[in-house]
Student: 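Sharing a structure here in structure tokens format.
Numbering starts at 1 and runs along the sequence shown. For ligands, and for the atoms within them, numbers begin at 1 and follow the listed sequence. Since the model is a prediction, treat every value here as computed from it, not as a measurement.
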Amino acid sequence: MSGDLSLRCRFAQAVVREAGQNAAEKFRRRSELKFESKGKQDFVSEADKACEEFVVGSLLKAFPEDSFLGEEGGMQNAGGKAIWVIDPIDGTSNFIAGFPNWCVSLGLVIEGRAVAGVIYNPITEELYSAEIGCGAMLNGRVIKVSNTKNIDAARIGLGFSYRRPVDEHVVAVKACLDAGCEYVRFGSGALGMAHAADGRLDGYYEAHINAWDVAAGIVIHREAGGWTNDFLGKPDALETGNVILATTADLRPALSSLLLSRT
Ligand code: IPD
Ligand code: CA
């Protein structure tokens, strides 16, 4: 599908850019926004639903043979060889509260492999994209993971949700700090992966994350020269999620033993 894949990638970037700009309009008028709770610290707004409908609708028109797995709409048009995995707004809590750290994330999975991804933060106007074998880009410029060599100079993103025990997260934070590794928690797993890919962070870890949060980020991060665990290797990872660790080759041994051995 290489020609088709490039076509899909270009189309996906245009769709995600437009979806993000529409969502940014709603972000600016968020005092009018209706949202509801899906669980502890887990929200969905009208903007999330509208954004997913726009992305799925646009892609379905162009690629009617493809399938779609969205955070809000679940699986649609099942049975396709290519599965688009969509988080219409990753960082919904930030979106609702007025913090600019949120994005639209769209990954493409074919035969169990993440092959393309787009992550767009319309507030900072940063669009990350990657196609397997072609490198990773930020606004059309090649990006690479950091070259931090030592764990006590590293800074990683750590994510958390109430899908996992609080104590497990506290242990992960302590393990990092004890090793001299700084951490940040931005509230968007997709942007955490993107920033690990562009070298602002040295990695990203979360004990459980959903496929729509990381499908795009996995390709972008790997194409930027990074390493991630085999997230999609778990047979039901698309439906039920998995642990994610994304880091550099140099930091992989230290971060794997600090974090993966505890999951
Ligand atoms: C959440 C964010 C958060 C991560 C959670 C996700 P949402 O997604 O990515 O940073 O820690 O695991 O569920 O709800 O903002 O789309
Ligand atoms: Ca979301």
Student: So, is the end of the R30 side chain (NZ or CZ) under 6.0 Å from the ring centre of F27 and within 45° of the ring's axis?
Tutor: yes
Student: Considering the heavy atoms of I89, write down every atom of ligand 1 situated less than 4.0 Å from one of them.
Tutor: 16 (O)
Student: Measuring from the Ca ion (ligand 2), name the closest N, O or S atom belonging to E71.
Tutor: OE1
Student: Looking at atom 6 (C) of ligand 1, what's its closest protein heavy atom, distance included?
Tutor: D213 OD2, 3.6 Å
Student: Going by the order shown, which atoms of ligand 1 are within less than 4.0 Å of some heavy atom of F160?
Tutor: 11 (O)
Student: Does the ring of F63 carry R8 above it, NZ/CZ under 6.0 angstrom from centre and within 45° of its axis?
Tutor: yes
Student: Within less than 3.0 Å of the Ca ion (ligand 2), any N, O or S from D213?
Tutor: no
Student: Counting backbone and side chain alike, does D87 bring an N/O/S atom below 3.0 Å of the Ca ion (ligand 2)?
Tutor: yes
Student: Between the candidates G157, P88, G187, S161, which shows the shortest non-hydrogen contact distance to atom 3 (C) of ligand 1?
Tutor: G187
Student: Would W84 and V104 show up in the same hydrophobic cluster when neighbours are defined by side-chain heavy atoms closer than 4.5 Å?
Tutor: yes
Student: Quick one: does R163 get within less than 4.0 Å of ligand 1, heavy atoms only?
Tutor: yes
Student: Should N210 be listed as contacting ligand 1, given a heavy-atom distance under 4.0 Å as the test?
Tutor: no
Student: Side chains of N94 and P100, heavy atoms from C-beta outward: is any pair under 4.5 Å?
Tutor: no
Student: Check each atom of ligand 1 against the heavy atoms of D87 and keep those under 4.0 Å away; list them by number with element.
Tutor: 16 (O)
Student: What atoms of ligand 1 come within less than 4.0 Å of a heavy atom belonging to G91?
Tutor: 7 (P), 15 (O), 16 (O)
Student: Does ligand 1 have an atom that lies less than 4.0 angstrom from a heavy atom of N94?
Tutor: no
Student: Could you tell me whether the Ca ion (ligand 2) has an N, O or S atom of I89 under 3.0 Å away?
Tutor: yes
Student: Atoms of ligand 1 less than 4.0 Å from D90 heavy atoms?
Tutor: 1 (C), 2 (C), 7 (P), 8 (O), 9 (O), 15 (O), 16 (O)
Student: Under 4.0 Å from a heavy atom of E206: give me the atoms of ligand 1 that qualify, with their elements.
Tutor: 4 (C), 5 (C), 11 (O), 12 (O)
